[in-house]
Structures are given as structure tokens and as C-alpha cells.
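Worksheet for the structure shown next.
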Amino acid sequence: QVQVVESGGGSVQAGGSLRLSCAVSGFTYRRNCVGWFRQAPGKEREGVASIYTAGGTTAYVDSVKGRFTISQDNAKNTVYLEMNSLKPEDTAMYYCAARGGGCWRLTPPAFDYWGQGTQVTVSS
């Protein structure tokens, strides 16, 4: 019954901004973690950011620190990823994922529920 749906992807120029949304429904765990991942063609899927929904604790991969911000809106059961100062190397398919319990390792095997992805393309 758990559904994860991403939206907000698109094409932007380098230095621009974009906000991705992740709507999560049907999740019965009181404590959970929501993460954002990305995968570029020919590369492995990598973790970008995560948020512990019960306490609001966040974590980021070094390459996006200071540029990306993950947040949540409990009223809408939605997690956002605000991306600023975008670079061409940020180009990838972005996926939202969720797991029960706290945020452990920001790796794909640690997450149980996945969205279908939203494409982000940054042009130079």
C-alpha cells in the first residue's frame, strides 16, 4: 500500500535552481527515513540526502552540501529537495525512497519503497 511519487524534475541552466517533491502515502511506520538518490547514465545509483521524519535530522553527500536542502511538510506527507547552484554533473534521474526506522546507510539496499524517478538535466 506504500506509494512514493516524485515530481518537479526538468531542464535548467547551470547555476539555476529546482525543487523536487516526494509524496509518500500508506506508510504505517511511526519512525521512518526518506532519502533522495540519483543515477546518471553508466553510473551507480548514489545517495544524495536523507531526512529522519520523526526528528528532522538531515544528512547530505559531500558534493551537494551547501547547495541542496532536504525538508518535509508533515501536513502534506511530502519531502522536498531544494537544489540550488546546479551544476552539469548534477544531471541524473532522481529517485525518492523510504524505509521504516531511522536513517541508517544512505545506500539503495537500505530502502524498501521507491518512486519511479524524475529527470533533472543541467545544461552549461
Side-chain angles (χ1 to χ4, degrees):
Q1 291 183 332
V2 176
Q3 291 187 341
V4 181
V5 182
E6 311 98 328
S7 62
S11 299
V12 298
Q13 294 184 334
S17 300
L18 204 61
R19 188 181 74 166
L20 306 183
S21 298
C22 174
V24 181
S25 63
F27 206 31
T28 60
Y29 288 98
R30 290 178 286 106
R31 296 168 293 178
N32 55 84
C33 177
V34 177
W36 282 99
F37 295 79
R38 65 186 181 185
Q39 186 169 24
K43 297 184 178 180
E44 296 183 342
R45 188 171 299 185
E46 66 171 350
V48 177
S50 67
I51 184 168
Y52 181 52
T53 60
T57 302
T58 61
Y60 302 88
V61 66
D62 288 342
S63 61
V64 307
K65 288 182 178 178
R67 299 190 299 121
F68 291 11
T69 302
I70 187 170
S71 62
Q72 64 180 355
D73 185 338
N74 291 328
K76 297 181 179 180
N77 291 324
T78 301
V79 171
Y80 302 97
L81 184 66
E82 182 71 35
M83 304 184 293
N84 300 311
S85 301
L86 284 164
K87 305 175 181 180
E89 50 262 45
D90 294 318
T91 295
M93 181 72 74
Y94 282 71
Y95 298 89
C96 183
R99 60 162 281 133
C103 293
W104 183 45
R105 296 181 182 274
L106 191 57
T107 58
F111 289 77
D112 305 305
Y113 309 100
W114 292 80
Q116 294 184 341
T118 184
Q119 179 67 39
V120 172
T121 302
V122 184
S123 302
S124 60

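- Val79 places a side-chain heavy atom less than 4.5 Å from the side chain of Trp36.
- Across all non-hydrogen atoms, the minimal contact from Val48 to Leu106 is N-CD2, 3.7 Å.
- Between Tyr95 and Trp114, the ring-plane angle classifies as perpendicular under the 30° and 60° cut-offs.
- Listed here is the closest heavy atom pair of Glu6 and Gly117: OE1-N, 2.9 Å.
- Rounded to the nearest 0.5 Å, atoms OG1 (Thr121) and CE (Met93) are 8.5 Å apart.
- Looking at Asp90 and Arg38, their side chains come closer than 4.5 Å, going by heavy atoms from C-beta outward.
- Lys87 NZ to Ser124 OG: the interatomic distance, rounded to the nearest 0.5 Å, is 13.5 Å.
- Every residue two or more places apart in sequence or in another chain that forms a ring-ring contact (aromatic ring centres under 6.0 Å, His included) with Tyr113 is listed here: Phe27.
- In this structure, the side chains of Phe37 and Phe111 come closer than 4.5 Å at one or more pairs of heavy atoms.
- Side chain of Arg99 to backbone of Ala110: a donor-acceptor contact under 3.5 angstrom is found.
- Rounding to the nearest 0.5 angstrom, the gap separating the CG atom in Leu20 from the OG atom in Ser7 is 8.0 Å.
- Annotation for Tyr52 and Gly102: closest pair CE1-CA, 3.5 Å, computed over non-hydrogen atoms.
- Distance check: Ser11 OG to Leu86 CG gives 11.5 Å after rounding to the nearest 0.5 Å.
- Judged by distance alone, the side chain of Thr91 and the main-chain N or O of Val122 form a donor-acceptor pair under 3.5 Å.
- A donor-acceptor pair is defined here as one N or O able to donate and one able to accept, closer than 3.5 Å; such a pair exists between the side chain of Gln72 and the backbone of Thr53.
- Scanning both residues, Thr58 and Tyr60, for their nearest heavy atoms gives OG1-CE1, 3.7 Å.
- Dense packing is recorded around CD of Glu82, with more than 12 heavy atoms of other residues, nucleotides or ligands lying under 6.0 Å away.
- With respect to the salt-bridge test (charged N to carboxylate O, under 4.0 angstrom), the residues Asp62 and Lys65 qualify.
- The shortest non-hydrogen separation linking Cys22 to Val34 is SG-CG1, 4.4 Å.
- Residues Tyr80 and Asp73 share a closest heavy-atom pair of CE1-CB, 3.8 Å.
- Side-chain contact between Ile70 and Leu81 is present, with at least one heavy-atom pair separated by less than 4.5 Å.
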